[in-house]
Amino acid sequence: WNFFGALDCRSEFVALMASRVEGFGSVMWWGFSPSQDLGALANEGKTRRSLEAAIGGMTIQSDHVNILLAGCGDLRHVMQTVANSHQYTTKPLHFYITESCLEVFARHMLFLSLLFEPPDKLGPQEKVELFLELFGNSLVRAQSVDYLRSKATELIKMVTDLDYLKVCIPVLDISGLKFKERDLLEGIFKFWRSPDDTTFDIKKHWEGRLRHYLGARYDSRSGVFDWDCQMKLKEMAPVVNPKEYSDWREGGVAFRLRDDAPYESSNRTLASGVIISQGGNAVAKRGYWGDIVNSPYLSFGVESGNKELFKTVNGRPAKTSMGVSEWNLLSLIQILTTGERAGEGDGEMVPEKDSGELGSIRELSDEEGEELESANTALHNGQSRSEGPLFNGSCFISFLPLGSASEIGKKAKFKKLFNVAYFSNSMVHHLTSGISDTFAPDCTLVLETARFMLDLKKEQREEYTKKVTGMAESVGYKVPIHSSNDSNCLAFICTGT
């Protein structure tokens with residue numbers, strides 16, 4: 001993973017970054033910053049104006065608003081932006097996604113398919129629980145394993161029959177992937193549905209990663225976890241509960257949403273292969289190569305439009321990151337599938353958990369459940385299908401081949417195409433004059449910051465900000481919308497030619 005590939009190649013800095021990457025991992029299973037409404041960034045907070053007018057007063061010639069997402073690791077920005085797109089434009093949003101790992105594309109397909117499940121099969125609360133469990137847990141319940149194996153069979157058919165894919169996930173186009181990549185995706189899905197539980201023991205892999213990362217500190221790891229939470233993470237995300245964070249650091253289970261079954265089966269969606277040197281030979285090794293420091297809470301669990309979630313009781317947050325994640329996802333799913341928005345002040349929709357004891361969650365009330373089920377039943381029957389942006393043609397998603405961030409600038413079909421371009425901190429080194437040729441005039445450029453990279457010191461995060469700001473300026477982006485070290489992202493509009 002070329003994390004911080006944008007930074008100076010001074011040997012001491014590269015050595016320091018190499019030691020830090022051990023905690024971040026080489027595969028981004030989730031994002032290292034909260035979900036962003038990219039339309040709001042482009043619009044600079046001026047609601048009810050079209051995205052076209054917001055980005056430099058330009059008139060977009062395309063029938064779509066085209067958005068490039070490079071290395072996001074999950075669908076958080078897609079979901080957040082689509083959910084609010086009606087505020088900025090009447091044109092459909094077309095997301096072009098490039099990642100560095102096919103297993104991440106496989107997870108994108110899984111979670112999109114889950115969102116499209118009919119409500120008579122999965123209700124909204126069940127979708128939220130399955131989503132979070134498969135998204136951020138190393139260990140899952142037997143019921144979730146059954147669902148994954150069944151879904152993997154469907155995904156195999158989708159990736160081998162694009163007409164079937166269009167029926168199951170109408171918004172998704174994978175025809176841009178190479179044939180070899182689609183074959184490899186099929187292999188990933190076959191691995192997910194394999195009944196042989198001995199081929200991937202994530203508990204063993206997680207412990208091995210911890211021991212290698214912590215070294216001599218392994219035996220005092222509980223103190224390390226508490227320090228990282230109290231002295232680093234809570235400064236930026238006070239809602240994160242120390243016990244919930246430490247539990248995840250210890251064993252990789254971030255979301256304990258149910259008490260009716262144990263979490264003991266390896267989550268195969270978090271398996272990936274890397275090439276390592278062994279005895280002088282290059283050997284492929286499957287394992288868990290993702291994050292063991294920052295946590296999956298960052299994507300959906302540390303910020304929300306519902307400020308009721310962040311109230312404190314006796315100086316302590318009344319909710320936890322898991323509760324915030326659950327509310328945010330429930331709200332997003334309701335908007336994306338029905339077009340209806342949850343009441344921002346409705347604290348009762350939030351799963352109740354004491355901030356110190358992570359016990360059972362409170363189920364939705366009968367009234368809340370009936371309201372959500374009614375909306376989803378109407379959706380399933382076609383009564384409100386036109387209202388949900390997932391179903392009314394408001395968005396499209398296209399997968400780009402691996403490594404395409406360095407190649408698409410050479411292709412005529414991408415010339416001046418993108419109205420918004422987002423680069424994660426693992427992909428920002430691809431921000432060059434070549435890829436900037438794909439940006440439309442006055443395209444809004446959004447760069448993820450290193451704010452939530454817990455292993456980096458303040459001066460290292462500041463150096464990163466300065467460096468990538470300089471990279472943006474080198475391709476003509478000199479007017480910052482957001483450029484603070486305390487921001488989740490840096491956003492710029494173009495002033496060059």
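One-based numbering along the sequence shown. All of these numbers come straight from a predicted model, not from anything done at the bench.
A donor-acceptor pair under 3.5 Å links the side-chain atoms of Thr465 to the main chain of Arg461, judged by distance alone. Of the possible polar contacts, none joining the Ser331 side chain to the Trp327 backbone as a donor-acceptor pair under 3.5 Å is found. Between the side chain of Asn137 and the backbone N or O of Phe255 there is at least one donor-acceptor pair closer than 3.5 Å. Proximity of a side-chain donor or acceptor of Thr438 to a complementary backbone N or O of Phe414 within less than 3.5 Å is not detected. No donor-acceptor pair closer than 3.5 Å links the side chain of Glu326 to the backbone N or O of Glu129.
Considering every non-hydrogen atom in both Ser138 and Ile202, the closest pair reads O-CG2, 3.3 Å. The two residues Leu456 and Phe24 come nearest to each other via the heavy atoms CG-CZ, 4.2 Å. Across Arg209 and Gly23, no two heavy atoms sit closer than the pair NH2-O, 4.1 Å. Between Met427 and Thr98, the closest heavy-atom pair is CE-O, 4.1 Å. Contact record, Cys395 with Leu390: SG-CD2, 4.1 Å, taken as the closest heavy-atom pair. The shortest heavy-atom contact between Phe189 and Ala152 is O-CB, 3.4 Å.
Counted by atom type alone, Ser394 and Asn392 present one or more donor-acceptor pairs between their side chains at under 3.5 Å. At a cut-off of 3.5 Å, with distance as the only test, no side-chain donor of Thr199 or Arg286 sits close to an acceptor on the other residue. A donor-acceptor contact under 3.5 angstrom links the side chains of Ser35 and Gln80, judged on distance only.
Using a 4.5 Å heavy-atom threshold, the side chains of Asn419 and Lys91 count as separate. Contact check for Arg249 versus Asp228: side-chain heavy atoms found under the 4.5 Å cut-off. Contact annotation: the side chain of Ile169 approaches that of Met158 to within less than 4.5 Å [non-hydrogen atoms, C-beta and beyond]. Taking 4.5 Å as the limit, some side-chain heavy atom of Phe105 sits within range of a side-chain heavy atom of Ile97. Phe399 is not listed as a side-chain neighbour of Glu181, based on a closest heavy-atom distance of 4.5 Å or more. Side-chain contact between Leu233 and Leu298: present, with at least one pair of heavy atoms (C-beta onward) separated by less than 4.5 Å. Inter-residue side-chain proximity for Leu400 and Leu68 is flagged as met; some heavy-atom pair is nearer than 4.5 Å. Side chains of Asp161 and Asp163 form a contact here, defined as non-hydrogen atoms less than 4.5 Å apart.
Residues that satisfy the ring pair (Phe, Tyr, Trp, His ring centres under 6.0 Å) test with Trp206, not counting sequence neighbours, are Trp248, Tyr288. Partners of Glu448 under the salt bridge (charged side-chain N to carboxylate O under 4.0 Å, His left out) rule, at least two apart in sequence or in another chain, are Arg76. Qualifying side chain to side chain donor-acceptor pair (under 3.5 Å) partners for Glu303, counting only residues two or more places apart in sequence or in other chains: Asn488. Considering only residues two or more places apart in sequence or on other chains, Tyr147 meets the ring pair (Phe, Tyr, Trp, His ring centres under 6.0 Å) condition with none of them. Remark: Phe418 pairs with Tyr96 by the ring pair (Phe, Tyr, Trp, His ring centres under 6.0 Å) rule, at least two apart or across chains. For Phe396, the ring pair (Phe, Tyr, Trp, His ring centres under 6.0 Å) criterion is met by His64, not counting sequence neighbours.
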> Run the side-chain contact (heavy atoms from CB on, under 4.5 Å) check on Leu155 and Lys151 step by step: do they pass?
Replying inline: CA-CA 6 Å; Leu155 291 168; Lys151 180 57 64 176; 3.9 Å; yes
>> The test is side-chain contact (heavy atoms from CB on, under 4.5 Å); show your working for Leu148 and Ser144 and say whether it passes.
In response: CA-CA 6 Å; Leu148 180 62; Ser144 301; over 6 Å; no
>> Please determine whether salt bridge (Lys or Arg N to Asp or Glu O under 4.0 Å) holds for the pair Glu463 and Lys467, giving the CA-CA distance in whole Å, both sets of side-chain angles, and the decisive distance to 0.1 Å.
In response: CA-CA 6 Å; Glu463 182 175 354; Lys467 183 65 178 180; over 6 Å; no
>> Please evaluate residues Val302 and Val324 with respect to the criterion side-chain contact (heavy atoms from CB on, under 4.5 Å), reporting the C-alpha separation (whole Å), side-chain torsions for both, the decisive distance (0.1 Å), and the verdict.
In response: CA-CA 7 Å; Val302 298; Val324 175; over 6 Å; no
> Do Ser436 and Tyr477 pass the side-chain contact (heavy atoms from CB on, under 4.5 Å) test, and can you show the C-alpha distance, the side-chain angles, and the key distance before you say yes or no?
Replying inline: CA-CA 10 Å; Ser436 67; Tyr477 285 78; 5.5 Å; no
> Between His77 and Phe95, does a ring-ring contact (aromatic ring centres under 6.0 Å, His included) hold up when you go through it step by step?
Replying inline: CA-CA 10 Å; His77 299 325; Phe95 296 89; 9.7 Å; no
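The existence of a salt bridge linking Lys157 and Glu154 is excluded, since no basic side-chain nitrogen approaches an acidic carboxylate oxygen closer than 4.0 Å. Ion pairing of Lys410 with Glu407 is present here, as a side-chain N (NZ or NE/NH1/NH2) and a carboxylate O approach within less than 4.0 Å. Under a 4.0 Å N-O distance rule, the pair Arg107/Glu103 does not qualify as a salt bridge.
Classified by interplanar angle (parallel below 30°, tilted 30° to 60°, perpendicular above 60°), the ring pair Phe191/Phe200 is perpendicular.
Rounding to the nearest 0.5 angstrom, the gap separating the OH atom in Tyr245 from the CG atom in Leu454 is 5.0 Å. Atom OH of Tyr422 is separated from atom CD1 of Ile67 by 12.5 Å, given to the nearest 0.5 angstrom. To the nearest 0.5 Å, atoms NZ (Lys127) and CD1 (Ile333) are separated by 6.5 Å. Rounding to the nearest 0.5 angstrom, the gap separating the CD1 atom in Ile156 from the OH atom in Tyr164 is 11.5 Å. The CG atom of Leu102 sits 11.0 Å away from the NE2 atom of His108 when rounded to the nearest 0.5 Å. Between atom CD1 of residue Ile188 and atom CG of residue Asp183 there is a gap of 11.0 Å, rounded to the nearest 0.5 Å.
Considering Asp437, Leu431, Ile435 in turn, Leu431 is the only one that fulfils the side-chain contact (heavy atoms from CB on, under 4.5 Å) rule with Val475.
At most 12 non-hydrogen atoms from other residues, nucleotides or ligands lie less than 6.0 angstrom from CD of Glu235. Residue-environment remark: NZ (Lys166) exceeds the threshold of 12 foreign heavy atoms within 6.0 Å.
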